[in-house]
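What you are looking at is a predicted structure, and each value in this text was computed from that prediction instead of being measured. Numbers for residues simply follow the sequence, beginning at 1.
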Amino acid sequence: MKVFNLEYVKQRRQELEMTLQEAAEAMEMKNAFTYMKYENGTYSFKAEQLPLLAKVLKCSTENFFVKIITETAILGGVRIREQTVKEYL
């Protein structure tokens, strides 16, 4: 299962030394506070926003997703361990 990786969005913006205000303006949002709500997960980025976000952050839309893998170990019919792993695409 792939999930949106907000950590990557924030990290990438910071790597580019882009302020919240600059990101908001580039994304055609009202202000930095609105953009921050998207970046921290209060609001969800919409699919149609992702190409522009990728352009602003100079990356691919694939970079926004992480694959979640859950592995379950079973011994003698008894679940002994379950582990969730993030696999960055």
Kindly indicate whether the side chain of [X], heavy atoms from C-beta on, has any atom under 4.5 Å from the side chain of [Y].
X: L20; Y: E39; value: yes
X: R12; Y: K58; value: yes
X: K30; Y: Y35; value: no
X: T34; Y: M27; value: no
X: N40; Y: M36; value: yes

Of the non-hydrogen atoms in [X] and [Y], which two are nearest, and what is the gap between them?
X: L57; Y: L16; result: O-CD1, 3.4 Å
X: A54; Y: S60; result: CB-C, 4.1 Å
X: A26; Y: V56; result: CB-CG2, 3.5 Å

Tell me, yes or no, whether the heavy-atom count around E48 atom CD, taken from other residues, nucleotides or ligands under 6.0 Å, exceeds 12.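 Atom CD in E48 is crowded, with more than 12 foreign heavy atoms closer than 6.0 Å.
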Given F65, which partner from the list F45, Y8, F4 fulfils the ring pair (Phe, Tyr, Trp, His ring centres under 6.0 Å) test? F4
Run through M29, E28, Q21 and flag the one making a side chain to side chain contact (heavy atoms under 4.5 Å, CB included) with E25. Q21
Quick check against the 3.5 Å criterion: does Q14 have a side-chain atom that pairs as donor or acceptor with the backbone of Q11? no
